Number of protein chains: 2
Amino acid sequence: MKNDWRTVTFFCSNGKVIYLPMVSAGRMNKKVPAPTVSLIAVAKEAGVSRATASLVLRNSPLVAEPTRARVKAAMETLGYIYNRGAANLRQNRTGTIGLVLSNISNPFFSTLTAGVEEANDASEAICLIANTADSPERQSRQIRRLREHNVDGLIICPAIGSDQKLIDELTRLGLPYVQVLREIPYASGDVVTADYALGIERAMAHLVETGRKRIVFIGAMEMHSAALARLDGYRSAIRHFGLEELPVIAGTRDHRYDEEALDRLFDLPEPPDAAICYNDLIALTLFHHLGRRGMIVGTDFAVIGMDNLPQAAAAYPPLTTIATLPQRIGAVAATLLQKRLMQPERPGERFVITPELVLRNSS
Amino acid sequence: MKNDWRTVTFFCSNGKVIYLPMVSAGRMNKKVPAPTVSLIAVAKEAGVSRATASLVLRNSPLVAEPTRARVKAAMETLGYIYNRGAANLRQNRTGTIGLVLSNISNPFFSTLTAGVEEANDASEAICLIANTADSPERQSRQIRRLREHNVDGLIICPAIGSDQKLIDELTRLGLPYVQVLREIPYASGDVVTADYALGIERAMAHLVETGRKRIVFIGAMEMHSAALARLDGYRSAIRHFGLEELPVIAGTRDHRYDEEALDRLFDLPEPPDAAICYNDLIALTLFHHLGRRGMIVGTDFAVIGMDNLPQAAAAYPPLTTIATLPQRIGAVAATLLQKRLMQPERPGERFVITPELVLRNSS
DNA sequence: GGAAGCAATTAGATCGATCTAAATTCGCCT
DNA sequence: AGGCGAATTTAGATCGATCTAATTGCTTCC
């Protein structure tokens, strides 16, 4: 009646003000018919103290076997549910980690997420997810939000355009982090990434072996480290094999690319005969494009993608691709973060996954 | 030294026992150089009481303007960070919701997740994700885990094989929930789903209009409600148009299907001339299959998929598909859950998204 | 018998916020 | 000057766990 407001404010990580009527909030609280059963209730039921019950919870070797049994029985009969929130307040750790990605609906990232989940399962951690949509401002907001929720650490793929400020903020907030895929230059700390350059070089070698000479790189994205590495791989292979470098075709965020620029290349006296694509989705779009031009993928023109998404194998023709193993990257990152949580002071580690060239019929 | 154990036990939702050495745990705590700055520190700095500082936090109209300014300034200078965990303990709500899906790496689910995120952004909620891998046991474990983390509610796509027990458990745990896509029969509560049957019927009508007569359904999955609805749609359309029902081709979990069974159909005197697929990934796999048989998709044989994944548009030929709008489903589910949190007692709502037929060249 | 040692248990403080109920201050009116 | 209501502010309890620093029993040993 009075106090019929409730807000989330400026200090709670964003500028919005949201009023929730107190009445509803009160209703919301009474989740269950029974009043919540806490450790106190369990202790009383078992005829021991709160402290002992707590020790049983944590499987301490300090409690005697019969006592432990009694307490466990009490928990069972009362339907006790562990309240991690209360424990967290005291312990200052929550068993949650933040997963900060540019866009979960990107299959590459969602597979990475599955890898993180897999590893989390073993370490009893749980993921809070945040979408940055590749905006550094949004990223910063999301990080503060995660910090308020007391995540123990972050697995983060820095949004395009992030710089040292990101690392500074993470340090200021005291948040341990593992960077995945992309990385801020000179940042200390853990990194898990794939050696994209090496993957591209191997793919180029394969194309050269099978007689391709005019190889174009399609779908260069904004300049984050993972994108630069791919281009580097392409260029160093071009030099290594003494080929002519063709103009790089720019990519767009929706897995397409500058079709006109590519068409101009096809009109050259010596048109390209193969393409390395920034990722599988672009490669599959390219299939479409080539089809319209009446070219047969795999014979007239070789296409190699990157990522090895499930649909690469199911495409027609099946797509040769560089597997970047997102699931493994996610799993390694999660494991590395747990390691850092255990030993905050240990020096940063770099984990580089070597991509695998998966040969199929498109090359 | 003493107490050098720390465990997560039987009562903490799973049977595993994990010992973390206390020493590391202690280290882990000192996140920042500075001691954590709490509301008490802010209050002292601003020369007011804890209570007043708290009121400022929540933008209460009760505090006088000059006081509010002083407190805000103090927060700024001290670098105060809101501790939601502490607030949650008192308020008994966390601003987190659990998202329980069978597999996040499935593009359909990851897009749905993006939709949930989108809506959460508006309501200041944040997602904890859990993978069930379509196992009811795992699902039950994950739900208990989320409950321990005090999520306010759940958005859940019941694992294949779930039954009334799931609903009972959610009720017992006092967890408000919104079911998405699949649903337990006779469960009360909110549901967001797509009218798959209607989508399939429309696609069938389109095929019939364009002269197809022998239409096969490919990729029927295990029997959850969403799968059943698709089959229902297929069968009712078959009856409605007076067509002959062909044997349904079973699907597998990795987006493939029983190829042998389909090959047998092609050897019939009257082979099929069109297919409706359980989802786009199966349809794209089918492209491959048809290619091997030397059939041209779109002329010799029509293919219609379901979901409208980005790769459907980029496929060759572009895939006609039934858009099931996962992003919207996610957003609606998240909004509905917030509504339920505000008004726990209101009757359950069903939200049915009507799929859209997206015509492209494969049909 | 008393001290020492060990195993098992516990009282009470604590984490950092919110909520209740009461106290204080202020302006204004008689 | 005193009183009243409204506007501010605050003390203290509280949420449900963990952690510290004892305390309580028992053996055992001199």
Side-chain angles (χ1 to χ4, degrees), chain A residues 1-9 11-12 22 25-26 29 35-44 46-58 60-68 70-71 75 80-95 148-150, chain B residues 1-9 11-12 22 25-26 29 31 35-44 46-68 70-71 75 80-95 148-150:
Chain A
M1 208 182 58
K2 59 184 167 176
N3 276 21
D4 63 340
W5 42 268
R6 177 154 323 185
T7 75
V8 179
T9 81
F11 295 94
C12 309
M22 172 86 169
N29 289 350
T36 39
V37 27
S38 73
L39 257 196
I40 295 202
V42 170
K44 195 181 297 172
V48 297
S49 74
R50 206 161 67 271
T52 305
S54 174
L55 290 176
V56 171
L57 254 193
R58 288 170 287 155
S60 159
L62 293 179
V63 310
E65 218 33 73
T67 314
R68 177 190 314 280
R70 226 160 0 112
V71 173
M75 287 173 165
Y80 172 71
I81 296 172
Y82 184 62
N83 184 335
R84 272 205 156 75
N88 295 340
L89 182 55
R90 196 69 232 276
Q91 296 188 134
N92 206 26
R93 63 185 290 271
T94 57
E148 285 178 5
H149 278 282
N150 287 314
Chain B
M1 211 184 55
K2 57 183 171 177
N3 275 22
D4 63 339
W5 43 267
R6 178 153 323 183
T7 74
V8 178
T9 81
F11 295 96
C12 310
M22 173 86 168
N29 289 351
K31 285 184 173 177
T36 40
V37 27
S38 73
L39 257 197
I40 294 202
V42 170
K44 196 181 298 172
V48 299
S49 74
R50 206 162 67 269
T52 305
S54 174
L55 290 176
V56 171
L57 254 193
R58 288 170 289 155
N59 254 11
S60 160
L62 293 179
V63 309
E65 218 32 74
T67 314
R68 179 192 311 280
R70 229 162 356 114
V71 173
M75 286 172 166
Y80 172 71
I81 296 171
Y82 183 61
N83 185 336
R84 272 205 156 76
N88 295 340
L89 182 55
R90 196 69 232 273
Q91 295 188 134
N92 207 25
R93 63 183 290 270
T94 57
E148 287 179 5
H149 278 281
N150 287 314

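Just so we're clear, the structure is a prediction, and the values are computed from it rather than from any experiment. Lettering of chains follows the sequences in order, A, B, ..., and the numbering in each one begins at 1.
Dashed line: the shortest gap from a side-chain N or O of B:Arg90 to OP1 or OP2 of D:dA13 is not under 4.0 Å. Dashed line: the shortest gap from a side-chain N or O of B:Arg84 to OP1 or OP2 of C:dG16 is not under 4.0 Å. Residue A:Ser54 places no side-chain N or O under 4.0 Å from the OP1 or OP2 atom of D:dG16.
Whole-Å rounding puts the A:Arg93 CZ to D:dA17 P distance at 17 Å. Rounded to whole Å, atom C1' of D:dT14 lies 14 Å from atom CG of A:Asn83. For B:Leu39 and C:dT18, the CG to P distance is 6 Å, given to the nearest whole Å. Per the geometry, CD belonging to A:Glu148 stands 14 Å off C1' belonging to C:dG16, to the nearest Å. In this structure, A:Asn92 places its CG atom 16 Å from C1' of D:dG16, rounding to the nearest Å. The nearest whole Å value for the distance from the CD1 atom in A:Ile40 to the P atom in C:dG12 is 13 Å. Counting to the nearest Å, the P atom of D:dC19 and the CG atom of A:Leu89 are 12 Å from each other. Rounding to whole angstrom units, CG of residue B:Asn59 and C1' of C:dT18 are separated by 16 Å.
A distance of 9.5 Å separates OH in B:Tyr82 from NE2 in A:His149, rounded to the nearest 0.5 Å.
With respect to B:Arg70, the side chain to side chain contact (heavy atoms under 4.5 Å, CB included) criterion is satisfied by exactly one of B:Val48, B:Val56, B:Val63: B:Val48.
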Look for any protein N or O under 3.5 Å of an N or O in nucleotides 22-27 of chain D and output each such pair with its distance, or none.
none

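In this structure, A:Arg84 contributes its side chain and A:Gly95 its backbone to no donor-acceptor pair below 3.5 Å.
Put simply, the side chain of B:Leu39 reaches to within 4.5 Å of the side chain of B:Tyr80, judged on heavy atoms. Between A:Val37 and A:Met75, every side-chain heavy-atom pair lies at or beyond the 4.5 Å cut-off.
Smallest separation of non-hydrogen atoms from A:Ala53 and A:Ala43: CB-CB, 4.3 Å. The two residues A:Ala86 and B:Leu89 come nearest to each other via the heavy atoms CB-CD1, 3.7 Å.
Between the side chains of A:Asn150 and B:Asn83, at least one donor N or O sits under 3.5 Å from an acceptor N or O. Checked by atom type, the side-chain pair A:Arg50/A:Ser54 shows no donor-acceptor distance below 3.5 Å.
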Its contact letters, B for base, S for sugar-phosphate only and - for none at protein heavy atoms under 4.0 Å, make nucleotides 6-11 of chain C read --SBBB

